[in-house]
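Notes follow once the structure below has been shown.
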Protein chains: 2
Amino acid sequence: MNEAKPVEVPSGPRDAIRDVAVRLFGKQGFSGTSMRDIANAVGVLPGSLYAHIASKEALLVDIVSDGIHRFIAAVEPMVGATGSPIERLRAMIVAHVEVVADNPERSLVVFHQWRFLGPDNLPLAIERRREYERCFISVIEQGMATGQFRADLNRRIAVLSILGALNWTPEWLSPDGQLKPHEVGELMAGTLLGGVLA
Amino acid sequence: MNEAKPVEVPSGPRDAIRDVAVRLFGKQGFSGTSMRDIANAVGVLPGSLYAHIASKEALLVDIVSDGIHRFIAAVEPMVGATGSPIERLRAMIVAHVEVVADNPERSLVVFHQWRFLGPDNLPLAIERRREYERCFISVIEQGMATGQFRADLNRRIAVLSILGALNWTPEWLSPDGQLKPHEVGELMAGTLLGGVLA
DNA sequence: GCCCCTAAAACAAACGTTCGTTATGATAAC
DNA sequence: GTTATCATAACGAACGTTTGTTTTAGGGGC
């Protein structure tokens, strides 16, 4: 009775492999992780992995594309939502931090390991990243258009600064910290929107 | 007459190897770069590299420790310098960006590839990174103590946001861009210190 | 009896590294 | 001005290991 569609916990061996790969790719990088590393962590012989996955790169493609999608899905709806650009940018920052907190290692893979995608999958991943960046660019330009954001801002530099701060969060953010992810997001939004000056 | 100590351009083969390794480690990561890749780029057979370097890891140790040192040397003097915390933090941000612009690929190695240092060299590298972070923490605390920085700031989050934005710069900063590195630094300082709100 | 999954073993290729030798100039002795 | 000496730096081949992946065979659930 308590199942039917349980919220998608690592049901099969396929998901177990994926979760292990996320952890190892995040910690040691794609090139620094061998299929034997993954097999050991899963508790299986290396060759047995190939009953569930097509290749090492297919594993990376899965992780990265699903990972980017989570960020886009969390942030994109707010681009055209109601409310002031300030409120929406703030909400986007919080949403981003929450996605990172949901699984920092996966975020590390998304932000750093996409370089190792092959020629077939790399262009699409790059385009998805651009799509994500455009969400922030769009809202910041809205804010500058309405005069709520400073007019002397270099919008490119502003976007890259905010995205840089956000993209770095998986490096230090712990889901088990004393601050809840939502609180961390609010604090970052306060710092990035208002600056540090009194 | 026009020599004596020419400014230290990649004199020997040793430096040529180092420069190539910086570029490849930055682009493909440490694990993703083989000694054969380096040898090919230098124009030499793989074994010949070992007449000049001790090992692949020794190459990484050189690059990372020298790289961190450049950041510390550029920023640390400003921690105890004269001037307001605002002016000093601004100068530190500009200095950081200028070090990145001097060689973005080296900065990528410093910020991402230190994980692959062995047990002998990793603790020291981590301590150096902490030392660098403490420079920023110190100045921000000075700014909050004098009341020039907002009192409702979470200093940990503020520092991590600023450092995150800075550490991400090698990902997009080009030394040949239309904005000079110094200008990019000033713009980032403006964004990070003052926020985006009007 | 079929089907999914695994173990076990093997594959070719690429890995970091070592080795003895050789080509190249410069320096010093005669 | 030739010759011997020496350091530099690269070669070419091989080392043992690890890489991603394939193949073959066997065991348990329906």
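Letters go in sequence order (proteins before strands), and every chain restarts at 1.
Between the CZ atom of A:Phe116 and the P atom of D:dT19 there is a distance of 15 Å, rounded to whole Å. For the pair B:Met35 CE and D:dT18 C1', the interatomic distance rounds to 16 Å; values are reported in whole Å. Note: CZ (A:Phe30) to C1' (D:dT19) measures 12 Å, nearest angstrom. Taking atom CD1 of A:Ile38 as the reference point, atom P of D:dT18 lies 17 Å away to the nearest angstrom.
Here B:Tyr50 does not reach the OP1 or OP2 of C:dT18: none of its side-chain N or O atoms lies under 4.0 Å away. Residue B:Ser34 places no side-chain N or O under 4.0 Å from the OP1 or OP2 atom of C:dA14.
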A correct 5'-to-3' footprint of nucleotides 3-11 of chain C, with B, S and - meaning base, sugar-phosphate only and no protein heavy atom under 4.0 Å, is --SBBB-B-
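At a threshold of 4.0 angstrom between heavy atoms, the contacts of A:Thr33 are confined to the sugar-phosphate backbone, with no base atom among them.
With sequence neighbours left out, B:Ser138 forms a side-chain contact (heavy atoms from CB on, under 4.5 Å) with B:Val79, B:Gln142. Partners of B:Ile72 according to the side-chain contact (heavy atoms from CB on, under 4.5 Å) rule, which considers only residues two or more places apart in sequence or in another chain, are B:Ile68, B:Glu76, B:Arg128, B:Glu131, B:Tyr132. Partners of B:His52 under the ring-ring contact (aromatic ring centres under 6.0 Å, His included) rule, at least two apart in sequence or in another chain, do not exist in this structure. Residues that satisfy the ring-ring contact (aromatic ring centres under 6.0 Å, His included) test with B:Phe149, not counting sequence neighbours, are absent from this structure. For A:Pro46, the side-chain contact (heavy atoms from CB on, under 4.5 Å) partners at least two apart in sequence or on another chain are A:Arg36, A:Ala39. For the side-chain contact (heavy atoms from CB on, under 4.5 Å) test, residues two or more places apart in sequence or in another chain that qualify with B:Ala41 are B:Val20, B:Leu24.
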Given Watson-Crick or G-U pairs with both distances under 3.5 Å, what dot-bracket string fits DNA chain C, with | for other-strand pairs and [ ] for crossing? .|||.|||||.|||||||||||||||||||
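For residues 173-192 of chain A, no residue pair satisfies the ring-ring contact (aromatic ring centres under 6.0 Å, His included) rule, not counting sequence neighbours. Among pairs with a residue in residues 99-109 of chain B, those fulfilling side-chain hydrogen bond (donor to acceptor under 3.5 Å, both in side chains) read B:Asp102-B:Arg106, at least two apart in sequence or across chains.
Residue B:Trp172 is grouped with residue B:Leu179 when hydrophobic side chains (ILVMFWY) are merged at heavy-atom distances under 4.5 angstrom, including chains of intermediate members.
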Contacts under 3.5 angstrom, residues 159-170 of chain B side chains, donor-acceptor by atom type, not counting sequence neighbours:
from	atom 1	to	atom 2	distance (Å)
B:Ser161	OG	B:Ile157	O	2.8
B:Asn167	ND2	B:Leu163	O	3.4
B:Thr169	OG1	B:Leu166	O	2.5

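Annotation for B:Arg156: atom CZ does not count as buried by contact number, only 12 or fewer foreign heavy atoms lying within 6.0 Å.
Listed by residue number, the members of residues 53-64 of chain B with any heavy atom below 4.0 angstrom from DNA chain C are B:Ser55, B:Lys56.
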